[in-house]
Peer 1: 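Before I ask anything, let me first share the structure, which is written out below as structure tokens.
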Amino acid sequence: MSAEVQRSIGSSLRGGAIIGTFFHAPAPDRLDVLADTMIVVDDTGAIAAVLAPDAAERGDKEREYDGRTLHLPAGTYGMPGFVDLHVHAPQYPQLGLALDTPLAEWLSTYTFPLEARYEDLQFAEERYRVLVDDLLANGTTTALYFATQHVEASKLLADICIERGQRALVGKVAMDDAQSCPDNYRDADAEAAISGTRAVIEHIRNHPHNSEGNVLPVVTPRFTPSCSDAALSGLGSLAREYGCHIQTHCSESDWAHGHALSRFGVTDAEALDSFGLLTRHTVLAHSNFLTGADLDRVSQRGAGVAHCALSNIYFANSVFPLRAALERHVRVGLGTDISGGPSASMFNACLAAMQSSRMLEEGVDPALPPERRGRPGSRISLVTAFHLATAGGGDVLDLPVGRLQPGHKLDLVAVDATRPEGGIRLFDTTESTAIFEKLVHGATRANIAAVWVDGKCVLPDPPAGPA
Ligand code: GUN
Ligand code: FE
């Protein structure tokens with residue numbers, strides 16, 4: 001290393017470089033270990049070059065970037081930031097609470113009353129700031145957020161993401177059905193749901209500090225049970241008009257799946273499609289009960305699924321058949337589903353996805369004979385789970401994030417495996433794949449030493465400049 005002062009861990013990497021050992025999973029069954037690798041970042045925060053130790057230009061680039069290079073310390077590893085494809089931002093205060101009732105009751109008893117309180121912008125601001133900071137501290141560099149039904153509080157969540165530098169997609173929740181939504185917490189009618197959504201889209205698109213578009217709007221019908229036909233079709237048209245992302249819940253539980261069949265006479269996915277809500281930029285949360293034909297339809301439309309394995313244990317009555325979806329070429333990423341899932345960590349989302357796939361494969365009822373107990377061929381590997389939590393989520397959103405390769409954004413997490421207060425104990429593990437496995441299983445927030453979004457350091461706070 002040069003005698004000159006190099007960049008420190010809290011520095012921006014724009015126009016600079018970082019040298020260290022990195023892990024990423026560019027394909028579902030491929031873990032790349034980039035040992036002693038130099039990643040060069042351009043002025044816009046995109047990766048300009050990824051140079052192995054023996055790359056022809058490596059020596060020249062090291063000299064060129066001398067003084068602008070961050071060297072990760074021994075025991076600290078870089079990996080792409082996580083893409084959390086399903087977060088209910090207002091539900092963070094009830095994380096870990098109220099997980100003892102079925103979905104419809106959970107919504108009406110606990111969740112709608114909590115979300116209704118976000119009409120109070122001070123209440124909202126205090127909680128949204130904590131959430132965004134906590135997700136960044138857990139390594140989530142991109143989050144796809146459901147806000148609440150309120151226009152102003154939804155704008156506020158977007159403002160906070162812009163201010164903190166988190167890459168985010170923020171949707172005002174549309175919910176206008178008078179029977180399923182409480183009077184104090186719903187859009188007055190379909191027109192209000194649509195005009196409120198439009199107002200939030202305009203706010204985000206025209207925000208003076210969002211010129212790089214790192215925060216995007218999302219059309220967000222909560223789920224078909226909470227929306228009128230007029231709202232669903234109006235929101236489909238709105239998404240087409242603005243060319244923006246769409247998110248909703250689809251066939252999450254027996255109840256939600258059955259609701260669509262009895263109301264529309266077709267599956268939830270088919271109904272969403274008929275309203276223009278199944279597009280290349282649609283993210284369907286859960287989707288446990290998609291039929292084979294639904295999976296083909298979702299795949300043809302290019303829509304994606306946010307697989308929320310932990311939440312599914314509580315509310316979905318089943319395990320999402322992830323392997324089957326991947327085999328039918330459905331794009332899939334992972335979500336925490338805060339607070340249906342009681343963890344804000346995408347490391348936990350990876351583990352839950354991998355573990356629940358094993359339970360689907362083997363089955364869970366010991367009273368059944370092994371050959372009837374599970375669904376063979378369902379398991380996914382830890383590498384596949386990590387791929388889905390990073391590159392897979394980026395692919396669903398059509399954003400260049402999740403891989404450490406030229407052209408992708410430098411959304412990066414530095415994991416320090418040596419911290420005594422963290423959850424990783426490497427002992428004498430030296431083989432790189434084993435280190436990766438230990439990182440994903442053990443990493444806690446205390447292990448996350450630094451986080452960059454778009455090449456800018458968002459954690460820890462950048463060192464103060466000269467007075
Ligand atoms: N379906 C409709 N709203 C919700 C929600 O907030 N969480 C979950 N898990 N499912 C839903
Ligand atoms: Fe959800």
Side-chain angles (χ1 to χ4, degrees), residues 84-118 131 143-150 154 157 169-177 179-182 185-187 193 218 220-228 231-232 235 246-260 263 268-269 271-272 277 282-290 304-320 333-344 349 352 356 393 396:
D84 188 337
L85 273 193
H86 190 52
V87 186
H88 292 273
Q91 296 174 18
Y92 195 42
Q94 71 176 8
L95 192 82
L97 299 178
L99 293 165
D100 54 350
T101 52
L103 180 59
E105 197 182 328
W106 174 80
L107 288 171
S108 58
T109 309
Y110 303 108
T111 304
F112 291 161
L114 171 60
E115 292 191 10
R117 299 188 67 186
Y118 284 71
L131 172 69
L144 175 54
Y145 287 115
F146 277 60
T148 59
Q149 175 269 328
H150 315 105
S154 301
L157 175 60
L169 300 93
V170 177
K172 170 217 151 7
V173 178
M175 42 193 291
D176 70 324
D177 181 80
Q179 262 166 12
S180 59
C181 308
Y185 187 53
R186 70 178 152 84
D187 295 301
V218 203
T220 307
R222 182 168 204 122
F223 65 158
T224 51
S226 65
C227 295
S228 66
L232 292 167
L235 292 167
I246 298 169
Q247 61 179 343
T248 190
H249 299 82
C250 183
S251 285
E252 174 177 1
S253 63
D254 284 311
W255 165 71
H257 183 59
H259 181 279
R263 170 169 161 196
D268 216 5
L272 291 168
L277 291 165
T282 297
V283 182
L284 302 173
H286 306 285
S287 306
N288 287 46
F289 291 92
L290 292 187
V305 169
H307 172 36
C308 308
L310 194 52
S311 165
N312 288 347
I313 294 170
Y314 297 95
F315 294 116
N317 316 116
S318 61
V319 172
F320 173 65
L334 302 187
T336 57
D337 192 26
I338 290 167
S339 68
S343 169
S356 62
V396 168

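Bear in mind the structure is a predicted one, so any value in this text is a computation, not a measurement. Note that ligands are numbered from 1 as they come in the structure, with each ligand's atoms numbered from 1 the same way.
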Peer 1: Applying side-chain hydrogen bond (donor to acceptor under 3.5 Å, both in side chains) to Asn288 and His257, what does each step give before you reach the verdict?
Peer 2: CA-CA 9 Å; Asn288 287 46; His257 183 59; over 6 Å; no
Peer 1: Are Tyr185 and Glu115 close enough that a side-chain donor and a side-chain acceptor fall under 3.5 Å?
Peer 2: yes
Peer 1: Thr224 pairs by side chain to side chain donor-acceptor pair (under 3.5 Å) with which of Thr248, Asp177, Asp268?
Peer 2: Asp268
Peer 1: Where do Leu95 and Gly341 come nearest, in terms of heavy atoms and distance?
Peer 2: CD1-O, 3.6 Å
Peer 1: Could you tell me whether the side chain of Thr282 and the main chain of Leu277 form a donor-acceptor pair under 3.5 Å?
Peer 2: yes
Peer 1: Distances for all N or O pairs of ligand 1 and the protein under 3.5 Å?
Peer 2:
{"unit_1": "ligand 1", "atom_1": "3 (N)", "unit_2": "Arg222", "atom_2": "NE", "d": "2.8"}
{"unit_1": "ligand 1", "atom_1": "6 (O)", "unit_2": "His88", "atom_2": "NE2", "d": "3.4"}
{"unit_1": "ligand 1", "atom_1": "6 (O)", "unit_2": "Gln91", "atom_2": "NE2", "d": "2.8"}
{"unit_1": "ligand 1", "atom_1": "6 (O)", "unit_2": "Arg222", "atom_2": "NH2", "d": "2.8"}
{"unit_1": "ligand 1", "atom_1": "7 (N)", "unit_2": "His88", "atom_2": "NE2", "d": "3.4"}
{"unit_1": "ligand 1", "atom_1": "9 (N)", "unit_2": "Glu252", "atom_2": "OE2", "d": "3.0"}
{"unit_1": "ligand 1", "atom_1": "9 (N)", "unit_2": "Asp337", "atom_2": "OD2", "d": "2.9"}
{"unit_1": "ligand 1", "atom_1": "10 (N)", "unit_2": "His249", "atom_2": "NE2", "d": "3.4"}
{"unit_1": "ligand 1", "atom_1": "10 (N)", "unit_2": "Glu252", "atom_2": "OE1", "d": "2.7"}
{"unit_1": "ligand 1", "atom_1": "10 (N)", "unit_2": "Glu252", "atom_2": "OE2", "d": "3.4"}

Peer 1: Taking both backbone and side-chain atoms into account, decide whether His88 has an N/O/S atom under 2.8 Å from the Fe ion (ligand 2).
Peer 2: yes
Peer 1: Got a sec: is His286 within less than 2.8 Å of the Fe ion (ligand 2) via an N/O/S atom?
Peer 2: no
Peer 1: Do you know which N/O/S atom name in Asp337 is closest to the Fe ion (ligand 2)?
Peer 2: OD1
Peer 1: Any donor-acceptor pair under 3.5 Å linking the side-chain atoms of Gln94 with those of Ser339?
Peer 2: yes
Peer 1: Tell me if the aromatic rings of Phe223 and His286 count as close, with their centers under 6.0 Å from one another.
Peer 2: no
Peer 1: Got a salt bridge between Asp187 and Arg222, using NZ or NE/NH1/NH2 to carboxylate O under 4.0 Å?
Peer 2: no
Peer 1: Just to confirm my numbers, could you give the angle made at the Fe ion (ligand 2) by NE2 of His86 and NE2 of His249, rounded to 10°?
Peer 2: 90°
